[in-house]
Amino acid sequence: MSDKRHIDIDKLINLGSFEVSNEEKKQFEAGIEDFLKYAEVINSAPCNDLQPASHAIQKDAFLRDDNAKIWEHMEGLLKNAPILEGTSFLVPPQKGRTGKEKEVQENLSIKEVEDYETVIGLEVHAHLKTHSKLFCSCPTEFGNAPNANTCPVCTGQPGVLPVLNKESVNMAILAGIAVNCKINKKSVFARKNYFYPDLPKAYQISQFEEPICSGGWVEIEVDGVSKKIKLNRIHMEEDAGKMVHVGAPGIWGSKASAVDYNRSSVPLIEIVTEPDISTAKEAKEYVIMLRAILVSLGICDGNLEEGSLRCDANISIRPRGTKTLGVKTEIKNMNSFKAIERAIDFEVERQKKLKKLGLPIEQETRLWDESSQKTFLMRSKEESHDYRYFPDPDLLPLTLTDELIDSLRKKVGESPLDKKRKYQKDYNLTEEESKLMMVNPEYANYFEETLKLYNNPKNIANWFFNEILSYITQEFDKFHITADDFASFLKKIDSNEISGKIGKSVIRKAFDNKKSLMEIIETEGVKQITDTKEIENLIDSILNANQDKVAEYKSGKVKLFGFFVGEIMKQSKGKANPQVVNDILKGKIG
Ligand code: ADP
Ligand code: MG
Ligand code: ZN
């Protein structure tokens, strides 16, 4: 094939009906000659001697000789068994690793001299609030008996087929719109292959090369300064089951391990940032904001402790001002906003310490341990090609219509940050109050519901933050005082039907007795006495009983006015309208 005499250039040109000049013909000839030369080199390459590589494309299958031998690294493998330290496991991937780990942990107080900057990228997993799982109709309900929410699909039985949950797709799109992503009209579900007992299929269905959303950003405010954190993607995937280890906190050292597949295949979205976050505080503010966005969309309940929102932090350091990314470690197991901040701060210090000790930073996955406030090695990090991703042959590519995307776009309301700014600027709420509303979309919803019925935002905020909120101990959406009830209550305060002081006791009683505010006002007789006749009678009886004091008052001891008011209020159990009392009393004793 390398012999160009076999190729008749003129005949080719004729066959193709090409209209070419002599110059062009010469170029064409030279091009073909080059191509044939390369083809010959490639063809004669000694393929059979090449080691098979993970992505090599070989002409023929590689065959090995039939020699049996015990795997020579068996002993080394056992040496890598986990070591228990505190409540966490150390998994030394190499010999002698534990010693080094200890040295670094214990030397954390050494002062850092070099100037490094921190680079952080976050991967946030959010449980979607669908009723059923991602690929089957099992309920997603939390807290049911172990394995009650399972079927052949989510326990990976042979021969079953996954069927995608429409609502989970809608929710993923809503999230993408709210964080300014491009929504991809075609996305592909892939199999991410690994073996672990919580993954019965031995692969997780996830999106890989073609996710449902790409790009985007989340705006945050840190110490009053705004920053847009760039996003890489949002993809959909299924959760794994949950392992429970008997007699130890982890698999190693436990007598037995049980697995609960209720969580298996619960729908998740994973929101991945670019390595665009520079401090632990920024990371915390980002997660707070993302949570607020997802909760206000109604697609995630945002519970970090229960794991419906989980954050993994990828962290590296590099000399300040340089561009190349350093080797990263990934931190898992942070169950609160505070833990996210602390874990990142700790990890940055640990990496700087390694540099200081002249030790390499190794790519690995580490666990945050809340009790010791440290990170511990969990496993040396795998690369994405280790998972042998490939498109799931059981699922067709997901295609979305413009109509669907547009209709969902209309459902995305004002962002929590815009709300915060509006509350501060238009409603005169304090920075602190506005931020609390932003961080807790459920407060903002309640606030806005009340505002529709009672148009005094400042008053609502005062009573809400100072009184109502102080009684709420359980989950906010389970508390029983409706916005309607709250608005009626505030109106009664404004019209002097009840005093501020009594208002506070009404709220306390409503919480104590699990009754509405209006019920308490009706049944407990706490309404203010504004009936002037009734108040006048009361005043007369007080003045009658204290004639000596009335005389003293009249002879110039004007301070006694307060004494009379006090007596009247006491007699009326605080229910007499103070203004009416003042007016009548003045009329009577001058
Ligand atoms: P992996 O395949 O290990 O999960 P990805 O490329 O998917 O890595 O990135 C995961 C997350 O880590 C992303 O949020 C990304 O921005 C972040 N990241 C990647 N490289 C670095 C680095 N060197 N330092 C800090 N964060 C990084
Ligand atoms: Mg990743
Ligand atoms: Zn199922």
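We count ligands from 1, going down the list as the structure has it; atoms in each ligand are counted the same way. Small disclaimer: the values here were computed from a predicted structure and weren't measured.
Here the two rings, on Y423 and F447, have centers that are under 6.0 Å apart.
At a 4.0 Å heavy-atom cut-off, ligand 1 touches E123 through the side chain alone. Here L122 has backbone heavy atoms under 4.0 Å from ligand 1, and that is the only part of it that gets that close.
Close contacts of ligand 1 with P275, meaning ligand atoms under 4.0 Å from a residue heavy atom, involve 16 (O), 26 (N), 27 (C). For ligand 1, the atoms lying closer than 4.0 Å to a non-hydrogen atom of S316 are 22 (C), 23 (N), 24 (N), 25 (C). Listed by atom number, the atoms of ligand 1 under 4.0 Å from T273 heavy atoms are 13 (C), 14 (O), 15 (C), 16 (O). Those atoms of ligand 1 that come under 4.0 Å of a heavy atom in V272, given as number and element, are 13 (C), 14 (O). Every atom of ligand 1 with a heavy atom of E274 under 4.0 Å away is listed here by number and element: 16 (O).
No heavy atom of N232 sits closer than 4.0 Å to any atom of ligand 1.
Few gaps surround NZ on K422; more than 12 heavy atoms of other groups in view lie less than 6.0 Å from it.
In this structure, F208 and Y389 have parallel ring planes: the angle between them is below the 30° cut-off, well short of the 60° mark.
Ordered by chain and number, C136 SG, C138 SG, C151 SG, C154 SG make up the set of protein N, O or S atoms under 2.8 Å of the Zn ion (ligand 3).
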